[in-house]
Amino acid sequence: MKYWLIKSEGDCYSIGDLKRDKRTAWTGIRNFTARNFMRDGMKKGDLILFYHSNGTPAAPTGVYGVAKVMSAAHIDETALDPKDEHYDPTAAKYAQEGKEPMWMCVDVGFVAAFAHPVLLEAMKRDSKLAAMLVLQRGQRLSVMPVAGHHFRRVLELST
DNA sequence: GCCAACGTTGGC
DNA sequence: GCCAACGTTGGC
């Protein structure tokens with residue numbers, strides 16, 4: 001069992017949206033490192049910290065809940081749809097040529113929304129989370145691995 | 001809105 | 001293969 005963190009802008013797709021939808025394809029990831037984590041690293045049943053980025057004072061940045069990997073990686077159809085905001089002409093060209101899908105995604109399912117979100121500010125103050133990837137300066141990955149002890153610590157802080 | 005950090009692109 | 005330019009992310 002591995003642990004992950006995925007980012008979403010809270011006003012774009014929030015943990016509340018995932019709770020309503022129960023399950024969704026995590027489409028729109030257009031970064032190779034993030035894609036590789038989904039394609040090669042994620043396994044069905046892995047647990048995910050659901051992080052809201054780009055917060056505001058009213059809705060601060062932080063971890064707002066837990067999700068679960070529901071499927072192996074599959075092609076991200078939004079990359080092939082010219083009308084989609086995440087359309088990628090290069091990916092569409094590759095698909096026509098019968099190459100491996102350029103962009104892939106997993107399905108994620110709702111597990112829990114925290115009664116008390118673990119805000120970025122609180123995570124930074126917690127010495128046990130000092131080495132956590134999401135807290136490192138300059139990192140911008142929207143899909144990243146999380147160490148088991150960091151995952152458990154975030155859960156502790158959410159109670 | 002600003003800006004630092006980073007990934008990607010493209011000229012050479 | 002180098003590197004400058006550019007676009008994007010995301011914290012503040």
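Numbers restart at 1 for each chain; the letters A, B, ... are given by sequence-line order, proteins then strands. Below, all heavy atoms of this structure are taken into account, side chains as well, without hydrogens, waters or symmetry copies.
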Please name all residues satisfying side-chain hydrogen bond (donor to acceptor under 3.5 Å, both in side chains) with [X], sequence neighbours left out, ordered by chain then number.
| X | answer |
| --- | --- |
| A/Trp4 | A/Asp46 |
| A/Lys99 | A/Glu97 |
| A/His116 | none |

task: Please work out which residues in residues 119-136 of chain A have a non-hydrogen atom less than 4.0 Å from an atom of DNA chain C and list them by number.
output: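 Heavy-atom cutoff 4.0 Å gives A/Leu120, A/Lys124.
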Residue pairs involving [range] (criterion salt bridge (charged side-chain N to carboxylate O under 4.0 Å, His left out); sequence neighbours excluded):
| range | value |
| --- | --- |
| residues 60-89 of chain A | A/Arg30-A/Asp76, A/Asp81-A/Lys83 |
| residues 1-12 of chain A | none |
| residues 33-45 of chain A | none |

message: Regarding A/Thr33, tell me which of base, sugar-phosphate or nothing describes its non-hydrogen contacts under 4.0 Å with the strands shown.
response: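 Answer is nothing: A/Thr33 stays at 4.0 Å or more from every strand.
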query: Going 5' to 3' along DNA chain C, which nucleotides are the first and last within contact of chain A (any atom under 4.0 Å from a heavy atom)?
result: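 The footprint of chain A covers C/dG7 to C/dC12.
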N/O donor-acceptor pairs under 3.5 Å from side chains in residues 152-159 of chain A, not counting sequence neighbours:
residue, atom, partner, partner atom, Å
A/Arg153, NE, A/Asp126, OD1, 3.2
A/Arg153, NE, A/Asp126, OD2, 3.2
A/Arg153, NH1, A/Glu156, OE1, 2.6
A/Arg153, NH2, A/Asp126, OD2, 2.6
A/Ser158, OG, A/Leu155, O, 2.6
A/Thr159, OG1, A/Glu156, O, 2.8

Plane angle bin for A/Phe50 and A/Trp26 - parallel if under 30°, tilted between 30 and 60°, otherwise perpendicular: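 Answer is perpendicular, since the angle exceeds 60°.
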